[in-house]
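Have a look at the structure below before the remarks.
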Amino acid sequence: MPTFHSAKVLHIYANSTDQWHGRPLYSAIIHTCLQLGIAGATAFRSFEGYGMHHRLHTARLLSLSEDLPVRIEVVDTPEAIDRLLAALGEMLRQTLVTVSDTQVMRFDPVTAPGE
């Protein structure tokens with residue numbers, strides 16, 4: 001039987017070439033999530049996009065194909081997302097971050113009658 005729980009979803013928008021202490025920014029964020037015990041985090045590489053400077057990043061042009069947009073999506077409880085945002089601090093300085101309320105659906109194990 002499914003149950004619904006309040007959660008938050010965090011989206012972080014960056015570029016695949018963004019770095020944090022010599023490693024890709026998206027990787028540093030994902031590893032920070034893992035260290036903090038965050039429920040789930042995924043990095044998605046996009047095909048095309050632009051940010052506040054209106055510079056196009058696209059896989060269609062060979063010269064720009066290494067600098068592609070990346071979206072990191074993180075889902076957990078509101079308290080865990082607040083903890084994560086505090087821990088990421090300076091990492092998020094050059095990124096767009098959105099936080100939204102959401103519902104997480106969990107399937108509880110079905111118990112047989114009489115158990």
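Counting from 1, the numbers follow the sequence of the chain as shown. Here the structure is a predicted model, which means the values were calculated and not measured.
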May I ask you to list the residues sharing a hydrophobic cluster with V9, side-chain cutoff 4.5 Å, ordered by chain and number? V75, V104

If you link I, L, V, M, F, W and Y whenever their side-chain heavy atoms are under 4.5 Å apart, who else ends up in the same group as M105? F4, F107

Between K8 and D101, does any NZ, NE, NH1 or NH2 come within less than 4.0 Å of an OD or OE carboxylate oxygen? yes

Shortest non-hydrogen pair, T95 vs V97, comes out as OG1-CG2, 3.6 Å

By salt bridge (charged side-chain N to carboxylate O under 4.0 Å, His left out), which residues pair with E90, not counting sequence neighbours? R93

Output side-chain donor-acceptor pairs under 3.5 Å for residues 24-38, partner residues at least two apart or in another chain, one line each.
from: S27; atom 1: OG; to: R23; atom 2: NH2; distance (Å): 3.4
from: S27; atom 1: OG; to: H31; atom 2: ND1; distance (Å): 3.3
from: H31; atom 1: ND1; to: R23; atom 2: NH2; distance (Å): 3.0
from: H31; atom 1: ND1; to: S27; atom 2: O; distance (Å): 2.8
from: T32; atom 1: OG1; to: A28; atom 2: O; distance (Å): 2.8

side-chain contact (heavy atoms from CB on, under 4.5 Å) partners for Q94, two or more places apart: none

Tell me, do L88 and I12 make a side-chain contact under 4.5 Å, heavy atoms counted? yes

Flag side-chain contact, heavy atom, 4.5 Å: L85 against V99: yes

Would you find a donor on one side and an acceptor on the other, under 3.5 Å apart, between the side chain of S16 and the backbone of L68? yes

Using atom types as modelled and distance alone, determine if a side-chain donor or acceptor of D76 lies under 3.5 Å from a backbone N or O of A39. yes

Non-neighbouring partners of H21 that pass side chain to side chain donor-acceptor pair (under 3.5 Å), sequence neighbours left out: none

